[in-house]
Amino acid sequence: SETIRRGSIDLLYRHEGTWTLIDFKSDRVGSSAGASDAAVDAALEAALGANHPYREQLRAYRAAWKDLSGEPIASSWLWFADANAFVPVD
């Protein structure tokens with residue numbers, strides 16, 4: 001049976017023949033939330049957990065893009081606006 005999923009890719013671009021996916025996150029992990037640098041690092045590191053929902057979300061986006069276009073996404077990133085930080089997600 002088919003599964004229907006709904007989602008929106010924030011940014012997907014092709015540069016020099018490879019696709020890059022960036023998903024924007026508004027979680028409050030930066031200093032404006034009163035967190036220390038260590039707390040910010042810990043929050044960002046948590047986004048890399050093997051089964052974290054953000055990682056699963058990007059996996060679903062990559063799979064959907066491959067199904068639609070036939071082309072793989074070379075790199076995926078989370079961008080945490082509050083911390084102004086990019087986190088690679090494989």
Side-chain angles (χ1 to χ4, degrees):
S1 75
E2 287 188 25
T3 300
I4 297 174
R5 295 184 184 210
R6 173 180 268 178
S8 298
I9 293 173
D10 290 326
L11 177 62
L12 177 66
Y13 67 91
R14 187 175 187 162
H15 179 71
E16 296 182 356
T18 63
W19 289 100
T20 298
L21 168 69
I22 299 176
D23 195 61
F24 308 136
K25 296 299 177 194
S26 59
D27 302 44
R28 298 198 65 201
V29 297
S31 59
S32 67
S36 66
D37 287 345
V40 170
D41 290 346
L44 295 176
E45 193 65 32
L48 297 175
N51 296 314
H52 192 282
Y54 291 162
R55 181 174 288 232
E56 295 300 320
Q57 178 185 13
L58 271 77
R59 284 181 185 144
Y61 288 165
R62 288 194 307 258
W65 181 252
K66 175 91 174 173
D67 289 347
L68 289 169
S69 71
E71 297 184 21
I73 292 175
S75 63
S76 302
W77 298 80
L78 294 171
W79 180 64
F80 289 89
D82 186 60
N84 192 26
F86 283 94
V87 177
V89 178
D90 54 13

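Along the sequence shown, residues are numbered consecutively beginning with 1. Computed from a predicted model, the values in this text were never measured in an experiment. Every heavy atom of this structure was used, including side-chain atoms; hydrogens, water molecules and symmetry mates were not.
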> According to the interplanar angle, ranging from 0 to 90°, do the rings of Phe80 and Tyr54 count as parallel (below 30°), tilted (30 to 60°) or perpendicular (above 60°)?
tilted
> May I ask you to decide if the ring planes of Phe24 and Trp79 are parallel, tilted or perpendicular, using 30° and 60° as cut-offs?
perpendicular
> So do Leu21 and Leu58 actually touch side chain to side chain, heavy atoms under 4.5 Å?
yes
> Would you indicate whether the side-chain heavy atoms of Arg59 and Val89 approach each other to under 4.5 Å?
no
> Could you tell me the separation between the OG atom of Ser75 and the CH2 atom of Trp19, rounded to the nearest 0.5 Å?
12.0 Å
> Has the side chain of Arg62 got a donor or acceptor atom that lies under 3.5 Å from a matching backbone atom of Gln57?
no
> What verdict does the side chain to side chain contact (heavy atoms under 4.5 Å, CB included) test give for His15 and Thr20, after you've listed the backbone C-alpha separation in whole Å, the side-chain angles of each residue and the deciding distance to 0.1 Å?
CA-CA 8 Å; His15 179 71; Thr20 298; 5.9 Å; no
> Taking atom types as modelled, is there a side-chain donor on Glu71 or Trp65 under 3.5 Å from an acceptor on the other?
no
> Taking Tyr13 as the starting point, is it possible to reach Trp77 by hopping between hydrophobic residues whose side chains are less than 4.5 Å apart?
yes
> Is it true that Lys25 and Asp82 have a side-chain N and a carboxylate O under 4.0 angstrom from each other?
no
> Please check if the side chain of Ser76 supplies one atom and the backbone of Ile73 the other of a donor-acceptor pair under 3.5 Å.
no
> So which atom in Ala60 and which in Arg5 form the shortest heavy-atom distance, rounded to 0.1 Å?
CB-NH1, 3.8 Å
> When you measure from the side chain of Tyr61 to the backbone of Ser8, do you find a donor-acceptor pair of N or O atoms at a distance under 3.5 Å?
yes
